[in-house]
Amino acid sequence: MTAVNATAIKEADEALNTNGFVTEKALPDMHDINFARALNEALIKSREKQSEPGYIYTEPFDYAGGKISNIIWNMDRIKTREDAEATLAKDLNWSVVQPQLTQADKETF
């Protein structure tokens, strides 16, 4: 598993408490899904010890232009996966991929 240092955990915890999320804008190593997952686990353990509220979750999202990034968010503050995707896009100034439906798809729905 990828190692996460105490400084990264502290910075991520501060971002979660301030914004409800952390992205690679605050911690550039977040671009690596293995780092993001290891950080997520470290945050869960750290926050449990401190009795910090909130369910912490991480997920990668795809954006226009083939960009992929990860977000860790507090599900008590950012309620849905779609909201987390939009929050990450806004934080990184990226565009969410909009599905392109064919005529056959439109007729099915």
Side-chain angles (χ1 to χ4, degrees):
M1 178 166 257
T2 302
V4 178
N5 66 42
T7 301
I9 296 168
K10 183 177 186 283
E11 290 175 11
D13 193 52
E14 288 172 3
L16 281 170
N17 288 335
T18 301
N19 305 318
F21 66 92
V22 62
T23 71
E24 68 184 69
K25 189 173 181 181
L27 289 169
D29 287 338
M30 284 280 299
H31 75 278
D32 177 347
I33 186 61
N34 294 321
F35 177 85
R37 288 178 177 152
L39 179 59
N40 186 68
E41 290 300 316
L43 283 165
I44 289 169
K45 289 176 185 174
S46 172
R47 293 171 72 85
E48 284 175 350
K49 289 178 186 174
Q50 298 173 35
S51 298
E52 290 279 348
Y55 177 72
I56 307 303
Y57 190 72
T58 189
E59 185 166 347
F61 290 102
D62 299 329
Y63 294 94
K67 298 172 185 171
I68 300 172
S69 193
N70 307 293
I71 184 171
I72 297 174
W73 76 95
N74 181 337
M75 293 188 82
D76 286 347
R77 299 205 27 210
I78 299 174
K79 302 291 185 186
T80 68
R81 183 180 177 277
E82 291 78 15
D83 290 343
E85 180 181 32
T87 298
L88 178 56
K90 183 177 179 184
D91 191 56
L92 298 179
N93 198 29
W94 290 355
S95 297
V96 174
V97 175
Q98 298 299 323
Q100 301 297 314
L101 297 177
T102 65
Q103 187 60 38
D105 292 332
K106 291 176 185 176
E107 291 171 3
T108 301
F109 297 105

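This is a predicted model, so every value here is computed, not measured. Sequence positions, counted from 1, serve as the residue numbers for this chain. Computed from heavy atoms alone, side chains included, the values below leave out hydrogens, waters and symmetry copies.
No side-chain donor from either of N17 and R77 sits under 3.5 Å from a side-chain acceptor of the other. The closest side-chain donor-acceptor pair between E11 and T7, if any, does not fall under 3.5 angstrom.
Across all non-hydrogen atoms, the minimal contact from D32 to N34 is OD1-N, 2.8 Å. In plain terms, the two heavy atoms of M30 and F35 that are nearest each other are N-CD2, 3.8 Å. Heavy-atom minimum distance, A8 versus L27: O-CD1, 3.7 Å. Across every non-hydrogen atom of K79 and D76, the tightest pair is NZ-O, 2.8 Å. What you find for L88 and S69 is that their closest heavy atoms are CD2-O, 3.7 Å. When all heavy atoms are compared, the tightest approach of T58 to A36 is OG1-CB, 3.9 Å.
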Evaluate side chain to side chain contact (heavy atoms under 4.5 Å, CB included) for N70 paired with T23, printing each intermediate quantity in order. CA-CA 6 Å; N70 307 293; T23 71; over 6 Å; no
Stepwise, does the side chain to side chain contact (heavy atoms under 4.5 Å, CB included) test hold for F21 with D91? CA-CA 10 Å; F21 66 92; D91 191 56; 3.7 Å; yes
Going through the distances and angles, do K67 and D62 end up as a salt bridge (charged side-chain N to carboxylate O under 4.0 Å, His left out)? CA-CA 6 Å; K67 298 172 185 171; D62 299 329; over 6 Å; no
For the pair T18 and E14, evaluate side chain to side chain donor-acceptor pair (under 3.5 Å) and give the outcome as yes or no after the intermediate values. CA-CA 6 Å; T18 301; E14 288 172 3; over 6 Å; no
I'd like to know whether R47 forms a side chain to side chain contact (heavy atoms under 4.5 Å, CB included) with D13, so could you lay out the CA-CA distance, the side-chain angles of the two residues, the decisive distance to 0.1 Å, and finally the verdict. CA-CA 8 Å; R47 293 171 72 85; D13 193 52; 2.5 Å; yes
I would like to know whether Y63 and E85 meet side chain to side chain contact (heavy atoms under 4.5 Å, CB included); could you show each step before the answer? CA-CA 9 Å; Y63 294 94; E85 180 181 32; 3.6 Å; yes
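With hydrogens and angles disregarded, a donor-acceptor distance shorter than 3.5 Å links the side chain of T87 to the backbone of D83.
Rounding to the nearest 0.5 angstrom, the gap separating the NZ atom in K25 from the NZ atom in K90 is 10.0 Å. Rounding to the nearest 0.5 angstrom, the gap separating the CD1 atom in I56 from the NZ atom in K45 is 14.5 Å. In this structure, the separation between OH on Y57 and CG on L43 is 15.0 Å, given to the nearest 0.5 Å.
Hydrophobic cluster membership differs between L39 and I33, with clusters built from Ile, Leu, Val, Met, Phe, Trp and Tyr side chains linked at under 4.5 angstrom. No single ILVMFWY cluster, assembled from side-chain heavy atoms under 4.5 Å apart, contains both I68 and V96.
In this structure, F61 and W73 have tilted ring planes: the angle between them lies in the 30° to 60° band.
Side-chain contact between D29 and E24 is absent, with no heavy atoms from C-beta onward closer than 4.5 Å.
With respect to E41 and R37, no salt bridge is recorded, no charged nitrogen being found less than 4.0 Å from a carboxylate O.
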